[in-house]
Amino acid sequence: QVHLVESGGGLVQPGGSLRLSCAASRFILDYYGIGWFRQAPGKEREGVSCISALDDMTEYADSVKGRFTISRDNAKNTVILQMNSLKSEDTAVYYCAAAIGRRCPTLFLERYEYTYWGQGTQVTVSS
C-alpha cells in the first residue's frame, strides 16, 4: 500500500512563506513522479507542480511560477514544496500525489494522471 503524508501547512500572512513536505517510501520516490495539487473551497482540484524521479526535472503551473519551488530531500524521503510570496488566492488544501512512471506526466496538471494521493494539508493565507 502506498502512503503519502503531507505536512507543513498553516496560517501565514500575504507575502509570507511556507514549506510543505510530502513523505513517502524510498521506492515511491525512486519510481514515481510526485506532484502537488491544491483545492480551494468550492473549486476543482488543480495541479501546482511536479518533480520527476528520473532526473529531478520540474514543472509548474503558471500561477505559481517564480514563487513556488519543488525539490527532493533524499535523506528524509520527502518532496518539498517551498512556497514564497504567498497570496490569498493560494489558500487551499494541498495534496501530494504519485504518478506511475519515473517522469512527470505529460499532462502533469491533470489529476487523473496520478494514482496515489495523500490526505492533504491546509494552507491559509490571510492577514
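These figures come from a predicted structure and were not determined experimentally.
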(Q) Looking at every heavy atom in both V125 and T91, which two are closest together, and how far apart are they? (A) N-OG1, 2.9 Å
Q.
I want to check something: taking the side chain as every heavy atom from C-beta on, are D55 and R103 in contact at a cut-off of under 4.5 Å?
A. yes
**Q.** OG-CZ distance between S7 and R19, expressed to the nearest 0.5 angstrom
**A.** 10.0 Å
**Q.** Separation between CD1 of I51 and OG1 of T69, rounded to the nearest 0.5 Å
**A.** 10.5 Å
Q.
Treating Y114 as the side-chain partner and C96 as the backbone partner, does any N or O pair qualify as donor plus acceptor under 3.5 Å?
A. no
Q: Evaluate whether atom CD of E44 has more than 12 neighbouring non-hydrogen atoms of other residues, nucleotides or ligands under 6.0 angstrom away.
A: no
(Q) Between S52 (side chain only) and L54 (backbone N and O only), is there a donor and an acceptor less than 3.5 Å apart? (A) yes
Q. Is there a path of hydrophobic side-chain contacts, each under 4.5 Å between heavy atoms of I, L, V, M, F, W or Y residues, that connects Y31 with V5?
A. no
Q: Show your working on side-chain contact (heavy atoms from CB on, under 4.5 Å) between V79 and L29 and close with a plain yes or no.
A: CA-CA 8 Å; V79 170; L29 295 182; 3.8 Å; yes
Q.
For I100 versus Y32, what's the shortest heavy-atom pair and its separation?
A. CG1-CE2, 3.6 Å
Q) Checking S88 side chain against S126 main chain: does a donor-acceptor pair fall under 3.5 Å? A) no
Q) Would you say the side chain of W36 lies within less than 4.5 Å of the side chain of C50, judging by non-hydrogen atoms? A) no
Q.
Could you report the tightest heavy-atom contact between S85 and S17, atom names first, then the distance?
A. N-OG, 4.4 Å
Q. Where the side chain of T121 meets the backbone of G9, is there a donor-acceptor pair that is under 3.5 Å apart?
A. yes
Q) What about V93 and L81, same hydrophobic cluster or not, with Ile/Leu/Val/Met/Phe/Trp/Tyr joined at side-chain heavy-atom distances under 4.5 Å? A) no
Q) For the side chain of E6 and the backbone of G120, is there at least one donor-acceptor N/O pair under 3.5 Å apart? A) yes
Q: Check the pair W117, R111 against side-chain contact (heavy atoms from CB on, under 4.5 Å), reporting the backbone distance first and the verdict last.
A: CA-CA 10 Å; W117 293 82; R111 58 185 297 182; 3.8 Å; yes
Q: Compare every heavy atom of D56 with every heavy atom of R72, then report the nearest pair and how far apart it is.
A: NE-OD1, 2.8 Å
Q | CD1 on I70 to SG on C22, rounded to 0.5 Å | A | 8.5 Å
Q) Which heavy atom in I28 sits nearest to a heavy atom in A98, and how many Å separate them? A) CG2-CB, 4.2 Å
**Q.** Derivation of the side-chain contact (heavy atoms from CB on, under 4.5 Å) call for Q39 and Y95
**A.** CA-CA 8 Å; Q39 188 166 16; Y95 301 88; 4.2 Å; yes
Q.
Pairing donors with acceptors under 3.5 angstrom, does anything connect the side chains of N74 and R26?
A. yes
Q | Partner of F68 by side chain to side chain contact (heavy atoms under 4.5 Å, CB included), out of L20, T58, V48 | A | V48
Q. Where is the tightest heavy-atom contact between Q122 and A92, given as atom of each residue plus distance?
A. NE2-O, 3.5 Å
(Q) Check for me, please, whether F27 and L4 land in the same ILVMFWY cluster - side-chain distances under 4.5 Å, paths through other members count. (A) yes
Q) Among M83, Q82, K87, which one satisfies side chain to side chain contact (heavy atoms under 4.5 Å, CB included) with R67? A) K87
Q: Please say whether the positively charged group of R45, taken as NZ for Lys or CZ for Arg, lies over the ring of F37, i.e. under 6.0 angstrom from the six-membered ring centre and within 45 degrees of the axis.
A: no
(Q) A side-chain contact here means heavy atoms from C-beta on lying under 4.5 Å apart; do E46 and L109 qualify? (A) no
Q) Is D30 salt-bridged to R102, cutoff N-O under 4.0 Å? A) no
Q. If Ile, Leu, Val, Met, Phe, Trp and Tyr residues are connected whenever their side-chain heavy atoms lie under 4.5 Å apart, and connections chain through other members, are Y60 and I34 in the same group?
A. yes
Q: Indicate yes or no for a side-chain donor-acceptor contact from S49 to the backbone of E59 under 3.5 Å, with no hydrogens or angles considered.
A: yes
Q.
Strictly below 4.0 Å, N to O, side chains only: are D90 and R38 in salt-bridge contact?
A. yes
